[in-house]
2 protein chains.
Amino acid sequence: MNMTQPLSSCSNCGLHELCIPTDLSADDLKRLDQLVYARRKLCRGEELYRAGDQFGAIYSIRSGSFKKEVALEDGRQQVIDFLMSGDVLGMDGIGTDRYSCNAVALEDSVVCVIPFVRLEAISREVRGLQHQFHRVMGREMVRHQAVKMLLGGARAGERVAAFLLTLSRRFEERGYSASEFILRMNREDIGSFLGIQLETVSRVLSQFHRDNLVAVMQKYIRILNAPGLRHVAGSMGEAQPATTAKALLAVSLPAHQDTKRAASKVSALGA
Amino acid sequence: MNMTQPLSSCSNCGLHELCIPTDLSADDLKRLDQLVYARRKLCRGEELYRAGDQFGAIYSIRSGSFKKEVALEDGRQQVIDFLMSGDVLGMDGIGTDRYSCNAVALEDSVVCVIPFVRLEAISREVRGLQHQFHRVMGREMVRHQAVKMLLGGARAGERVAAFLLTLSRRFEERGYSASEFILRMNREDIGSFLGIQLETVSRVLSQFHRDNLVAVMQKYIRILNAPGLRHVAGSMGEAQPATTAKALLAVSLPAHQDTKRAASKVSALGA
DNA sequence: CGGCGTCTTGACAAAATTCAACGCCTGTGG
DNA sequence: CCACAGGCGTTGAATTTTGTCAAGACGCCG
């Protein structure tokens with residue numbers, strides 16, 4: 001399945017805020033509808049683009065979700081991002097005219113195809129679009145930064161906690177439940193993304209479950225104690241505006257023998 | 001020291017390729033010179049901007065170097081990037097209208113101040129500038145991606161090796177020696193950036209030295225065996241275009257007792 | 001109902017952190 | 001010009017964390 005449907009209309013797209021569109025005059029809106037060349041539907045596992053492909057368009061995710069990954073040539077893949085509806089895919093190709101990773105659908109998904117020359121042309125005329133596009137790129141960079149911080153400074157438990165909280169917030173932003181959701185990716189992908197082994201992901205989730213932070217049933221996740229999770233995540237928890245707090249906890253007890261650091265933090269909080 | 005000098009001229013700036021400017025008509029060049037509002041000189045340790053500051057401008061580094069860091073509120077700082085001449089600072093503020101990190105000069109430095117509204121205005125008129133700016137942002141994103149891969153998948157030795165190689169290449173791009181340079185940052189900053197402890201950085205460098213991969217004298221670095229370093233860095237070594245190779249090595253011997261993995265890889269290569 | 005991919009859990013090994021001590025280099029002040 | 005303080009870098013030993021290997025459970029799809 002790889003069909004491209006012609007229908008397209010940005011002006012009434014539900015993604016508004018999240019995607020490229022923004023508040024514009026009626027006249028500008030007409031222009032905006034020229035942005036999207038087509039829609040494209042992808043089945044689970046299908047690739048939207050591959051590393052090395054000629055760059056030509058960016059894609060706004062209309063429904064579904066994706067992972068971005070880079071091949072390590074020993075066959076293994078390193079996951080570098082997870083994206084969901086409203087997110088923009090393909091900006092990794094802008095810098096070099098070739099995509100720098102593979103974009104793979106995690107479930108059946110639909111994207112809007114936005115030819116980049118067209119985006120540049122229209123954003124030269126429609127100031128609001130120009131600014132919005134820059135903001136989208138800017139936010140993507142900040143997201144990358146946040147992940148770098150996580151990978152650079154956090155233990156396994158903190159990584160997983162921050163990961164769950166980020167997912168939670170992103171689902172909420174899209175109108176879904178913040179406390180209950182289905183993971184679209186498997187443990188291996190999560191581990192790859194977080195820089196830990198899939199076994200470690202599993203262990204940490206089990207520990208969280210035991211501590212009543214989250215209910216875990218395979219891919220189904222229910223967050224039971226968000227403040228507790230944020231506590232475990234420490235500084236990396238939710239840094240949408242600027243920075244949060246880790247600090248205070250760093251002083252806490254040196255963690256007992258067979259219990260994970262995560263657990264000790266939690267018990268200190270009182271689940 | 002925090003003076004802002006009025007003088008400015010993009011059309012004859014030596015940074016050309018690296019910075020915003022690109023090949024344009026004489027007429028466009030005049031416009032381009034309006035880009036830079038002023039120059040600003042910073043002393044070592046001085047902050048160009050801080051996380052949370054109102055975003056207003058991006059900065060092109062004319063000379064010197066910077067680190068970007070985020071406060072962890074337990075007083076510790078996490079370094080998320082190192083930048084040098086020709087790089088652009090401040091794009092982290094575009095997404096949210098507030099800078100998301102602190103930019104600190106690692107040595108006495110000079111930056112060009114580019115008011116963002118001005119950049120957007122001129123790039124609406126000068127197509128080449130628009131495109132070039134997008135490419136600069138795009139390249140920054142790819143750089144972030146590469147670091148994420150490093151932090152996500154690499155051992156300490158691989159991280160340090162990749163770090164040295166990246167520095168080497170970036171110096172070379174700027175016309176300096178690729179094999180001999182001075183680190184502008186201390187071990188703690190390197191460790192923070194690479195997600196390892198400063199002691200580990202030191203140990204790895206010592207090991208590299210013993211293996212005759214690099215000569216290390218405090219901040220002075222001389223690369224003695226670049227292929228060997230690339231070998232140690234594995235897949236993360238130099239991925240400017242797309243991906244490289246790790247693969248083959250993953251199969252190698254399980255590393256002997258008191259010798260670092262890096263060392264075993266090297267000896268297998270033959271320094 | 002069975003097979004298979006995915007997830008969980010345990011035991012052990014390896015890697016990196018932590019804590020601590022010491023040496024080196026720089027810049028300052030006598 | 002030398003001595004010394006303080007920051008920075010190096011190294012060692014013990015400990016924690018994570019990875020690795022292996023086995024078994026679970027759930028989903030055919």
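Throughout, protein chains are lettered first and strands after them, A, B, ... in sequence-line order, and every chain is numbered starting at 1.
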### Message
One character per nucleotide, please: for nucleotides 25-30 of chain D, 5' to 3', B when the base has a protein heavy atom closer than 4.0 Å, S when only the sugar-phosphate does, - otherwise.
### Response
--S---
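- Taking each heavy atom of B:A162 and B:L150 in turn, the nearest pair found is CB-CD1, 3.6 Å.
- Contacts of residues 181-197 of chain B with DNA chain D (heavy atom under 4.0 Å): B:N186, B:R187.
- Regarding contacts with the backbone of D:dT11, every side-chain N or O of B:S202 stays at 4.0 angstrom or more from both OP1 and OP2.
- Residue A:I221 contributes atom CD1, which lies 12 Å from atom C1' of C:dC7 at whole-angstrom precision.
- Following rounding to the nearest Å, B:H209 (NE2) and D:dT10 (P) show an atom-to-atom distance of 10 Å.
- Each of D:dT10, D:dA22, D:dT11 was ranked by its minimum atom distance to the side chain of B:R210; first place goes to D:dT11.
- The residue from A:K148, A:R143, A:H144 that alone fulfils the side-chain hydrogen bond (donor to acceptor under 3.5 Å, both in side chains) condition with B:H144 is A:K148.
- Among B:K41, B:R44, B:R184, B:K219, the one residue that satisfies the salt bridge (charged side-chain N to carboxylate O under 4.0 Å, His left out) test with B:E107 is B:R184.
- Screening B:I223, B:I221, B:L229 against B:S168 for a side chain to side chain contact (heavy atoms under 4.5 Å, CB included) leaves a single residue, B:I223.
- Ring centroid separation for the pair B:F181 and B:Y176 does not come in under the 6.0 Å cut-off.
- You'll find a donor-acceptor pair under 3.5 Å spanning the side chain of B:R203 and the base of C:dT18, going by distance alone.
- With distances taken from any side-chain atom of B:R155 to the nucleotides D:dT18, D:dG19, C:dT9, the minimum falls on D:dG19.
- Dashed line: the shortest gap from a side-chain N or O of A:T200 to OP1 or OP2 of D:dT18 is not under 4.0 Å.
- Exactly one residue among B:V104, B:N102, B:V111 makes a side chain to side chain contact (heavy atoms under 4.5 Å, CB included) with B:F66. That residue is B:V111.
- Residue A:L198 contributes atom CG, which lies 13 Å from atom P of C:dT9 at whole-angstrom precision.
- Distances shown here put a side-chain N or O of A:K219 below 4.0 Å from the OP1 or OP2 atom of C:dC7.
- Distance CZ (B:F208) to P (D:dT10): 13 Å, rounded to an integer number of Å.
- Here C:dA14 presents its C1' atom at 14 Å from CD of B:E158, a figure rounded to the nearest Å.
- DNA chain D is contacted by both B:S206 and A:E199; B:S206 maps to the nucleotide lying nearer its 5′ end (nearest heavy atom per residue).
- Atoms CD (B:Q207) and P (C:dA16) sit 12 Å apart, rounded to a whole Å.
- The closest side-chain donor-acceptor pair between B:S192 and B:Q77, if any, does not fall under 3.5 angstrom.
- A salt bridge (charged side-chain N to carboxylate O under 4.0 Å, His left out) with A:D87 is found for one member of A:K68, A:K67, A:R170 and no other, namely A:R170.
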### Task
Any chance you could lay out the side chain to side chain donor-acceptor pair (under 3.5 Å) test for A:Q145 and B:S100, step after step, and finish with the verdict?
CA-CA 9 Å; A:Q145 271 189 6; B:S100 68; 2.9 Å; yes
